[in-house]
Amino acid sequence: MGKPKNAISPTREENYPEWYQQVVKAADLAENTPVRGCMVIKPWGYGIWENIRDALDVMFKETGHKNAYFPLFIPKSFLQREADHVDGFAKECAVVTHSRLEADADGILQPAGQLDEPLIVRPTSETIIGELFARWVQSYRDLPLLINQWANVVRWEMRPRLFLRTAEFLWQEGHTVHSTAEEAIEETQKMLRIYADFAENWLAMPVLQGEKTVSERFPGAESTLCIEAMMQDRKALQAGTSHFLGQNFSKACGIKFQGVEGKEELGWTTSWGVSTRLIGGMIMTHSDDDGLIVPPKVAPTHAVILPVTPKEETRGQVLEACNELARELRDKIYSGGSIRVDVDDRDLRGGEKYWQWVKKGIPLTIEVGPRDLEKSSVFVGRRDLGVQRESMHHSEFVEKIVSILEEIQQSLYSRALSFREENTCEINDKKELYSFFTAQNQSKPEIHGGFALVHWDRDPKWEESLKNDLKVSIRCIPEGASEEGICVFSGKPSPSRVVLAKSY
RNA sequence: CGGGACGUAGCGUAGUCUGGUUAGCGCGCCUGCUUUGGGAGCAGGAGGCCGAGAGUUCGAAUCUCUCCGUCCCGACCA
């Protein structure tokens, strides 16, 4: 036939970063805009984000959080209040200095009306939210204060990549105040568990839960918990973080309350967030050389019905049957709502239309033509199984579609989990560790490495040398790890293994 | 922000080193015919100030400079 074997070129093996971009493009998820680093999220990509947002929003509300909305702009002085926080974010802030434009002699618009105090476009909102929390919190009776906001933030990034790292991105940021450290810490763990649960059960993306090392911590936090996922190039993606902020921001913002005994105390705060980066993680966890694969639970559309109309005289009949099938399927409940079905009756050739949906990663394609009508059958393609499709009896399919979607969701998760397990290993020897993270072909490095579980004596100098020598970082200290051993770098005692990987 | 590669139609590209008549080609798009359980075939057609600006030259996609953008590698990060 001379046709390309795969819809996406290059393949993952040939050039992983380029493959990623081609998948995003072929699925029509997002594209770059005239504003450097800022992407437009197109309907198919935004539909996925809406599903992510809606599912998480329910989980946040179930755990007692309320949504609110805070300003986009933060006075420069606010950011300055927490020393570590400034250090962490100063280098990537967009700054607003003027309030209007005036045409000059040549008719060129020039900024005018300089602001007394520059405004920072929020890179995160701890300081502005802290300012307001300080007003809201007076008594222990006001606590815990559990707030979340869905918003956009701006971090002026040097190397943007669609979904993974963009100058502007969408996220949610939870901010809470508690009367005790224990309760705040418990909150960070609770939210981490929600993130892990969401990543695994909705995005079918297995994650490790753990704590960041001191050097990888959020600026201004006492501790940072995270979920880490393995992409198909075996690199780690930080997919969500949950921070225990101690009393640092309470001190900086004046979040004080009177305790039961009448004594004034500082609040204990937390913050936690996930972003549109999750979509990048989803793409790199599941997609193949034919394009995107979207887990059913977050797919904007679960199934598309493709009418096959070879002859004009049967066209009306086929279309009617397709619409009827769509109605039947929409009556079925999957993942707490109706099954989302579209009939794609665009005037396009069948093969091409089919491939468009493959590249978009829709979980199910259902082709229905005149012959199917005669046999009461439908021709079903499961995206997770590749291009093979099978004929099923109409009523059997309607009966089974919910369990088929569940099976797809499950199989994507299992596949991703096996992949991670195959590429995770315990390493006890430094030489072996270095060879694990070194590509065979230096000029054009092949996909290599993975997650290495090694013993580390917690001395930051080894972390530093790992970064310098191998570009490998400590992704996290896994939760509950307690097996003691000997540090792979120093030979000194180590309290537990940590996860090493290259990362995004 | 440093190092490298690149920018030609919606997408992918040839031509650039060695300046020279209307800048080719594939996919896609439009029209017609044919085909019809599969990313169709044939014929015709539309679509480009060759990333932007300046310069060298009789003449620039091609040479020089500046800028912008994209990708990779570093530093930084969700």
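Just so it is clear: chains get the letters A, B, ... in the order the sequence lines come, proteins before strands, and each one is counted from 1. Keep in mind the model is a prediction, meaning the values are calculated, not measured.
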### Message
Under 4.0 Å, heavy atoms only, any strand: does A:Gly350 hit a base, just the sugar-phosphate, or nothing?
### Response
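Answer is nothing: A:Gly350 stays at 4.0 Å or more from every strand.
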### Query
Hey, are A:Asp288 and A:Arg383 close enough for a salt bridge, meaning a charged N less than 4.0 Å from a carboxylate O?
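The answer is yes: the pair qualifies as a salt bridge.
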### Query
To the nearest angstrom, how far is A:Arg349 atom CZ from B:A40 atom P?
6 Å
### Query
With sugar-phosphate meaning primed atoms plus P, OP1 and OP2, does A:Gln21 contact a base, only sugar-phosphate, or nothing at under 4.0 Å between heavy atoms?
sugar-phosphate
### Query
When we call it a touch if two heavy atoms are under 4.0 Å apart, what does A:Ser275 touch: a base, just sugar-phosphate, or nothing?
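If one applies the 4.0 Å heavy-atom cut-off, A:Ser275 turns out to touch a base.
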### Task
Considering only NZ, NE, NH1 and NH2 on the basic side and carboxylate oxygens on the acidic side, decide whether A:Glu131 and A:Arg81 come within less than 4.0 Å.
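Yes, this pair counts.
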### Query
Rounded to whole angstroms, how far apart are CE on A:Met205 and C1' on B:A78?
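About 12 Å, once rounded to whole Å.
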#### Entry: A:Lys25 vs B:G12: side-chain N/O to OP1/OP2 distance below 4.0 Å
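Answer is yes, contact under 4.0 Å.
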### Query
Touch check for A:Leu306, heavy atoms < 4.0 angstrom, all strands: base, sugar-phosphate only, or nothing?
nothing
### Task
Answer yes or no: is there a donor N or O on one side and an acceptor on the other, between the side chain of A:Asp197 and the main chain of A:Arg193, under 3.5 Å?
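Here the side-chain-to-backbone pair does not exist.
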### Message
Can you tell me if A:Phe169 is stacked onto the base of B:A78, using a 5.5 Å centroid cut-off and an angle below 30°?
### Response
yes
### Message
Using a heavy-atom cut-off of 4.0 Å across all strands, would you classify A:Pro17 as base, sugar-phosphate, or nothing?
### Response
sugar-phosphate
### Query
What nucleic acid atoms does A:Arg36 come within less than 4.0 Å of, heavy atoms only: base, sugar-phosphate, or nothing?
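Sugar-phosphate, backbone atoms only, no base.
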### Atom-to-atom span, CZ of A:Arg346 to C1' of B:G39 - whole angstrom
13 Å
### Message
Any base atoms under 4.0 Å from A:Lys311, or only sugar-phosphate, or nothing? Heavy atoms, all strands.
### Response
nothing
### Query
Contact class for A:Gly273 vs. all strands (heavy atom < 4.0 Å): base, sugar-phosphate, or nothing?
nothing
### Query
Rounded to the Å, how far apart are A:Asp347 CG and B:G39 P?
15 Å
### Task
Look at all strands and tell whether A:Gln238 reaches a base, only sugar-phosphate, or nothing, counting heavy atoms closer than 4.0 Å.
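Sugar-phosphate only.
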### Query
For B:A60, what is the paired nucleotide under Watson-Crick or G-U wobble rules, both distances under 3.5 Å?
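B:A60 is paired with nothing.
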#### Entry: Base-pairing assignment for B:G44 (Watson-Crick or G-U wobble, both under 3.5 Å)
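Here B:G44 is engaged in a pair, and the nucleotide opposite it is B:C30.
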#### Entry: Electrostatic pair A:Glu186-A:Lys190, nearest N-O below 4.0 angstrom
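So A:Glu186 does not pair with A:Lys190 through a salt bridge.
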### Query
Does B:G7 have a Watson-Crick or wobble mate here (both distances under 3.5 Å), and if so which one?
B:C68
### Task
For A:Phe379, answer base if it contacts any base atom (sugar-phosphate contacts may also be present), sugar-phosphate if it contacts only those atoms, and nothing otherwise; contact means non-hydrogen atoms under 4.0 Å.
base
### Task
If B:U16 has a Watson-Crick or G-U wobble mate with both distances under 3.5 Å, name it; if not, just say none.
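Check on B:U16: unpaired, no WC or wobble geometry under 3.5 Å.
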### Task
May I have the distance from A:Lys235 (atom NZ) to B:A78 (atom P), rounded to whole angstrom?
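One finds 16 Å between P of B:A78 and NZ of A:Lys235, rounded.
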### Query
Of the options A:Ile366, A:Asp372, A:Val343, which is the one that meets A:Leu325 in a side-chain contact (heavy atoms from CB on, under 4.5 Å)?
A:Ile366
### Query
Please give, in whole Å, the distance from B:G38 C1' to A:Trp355 CH2?
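Between C1' of B:G38 and CH2 of A:Trp355: 11 Å.
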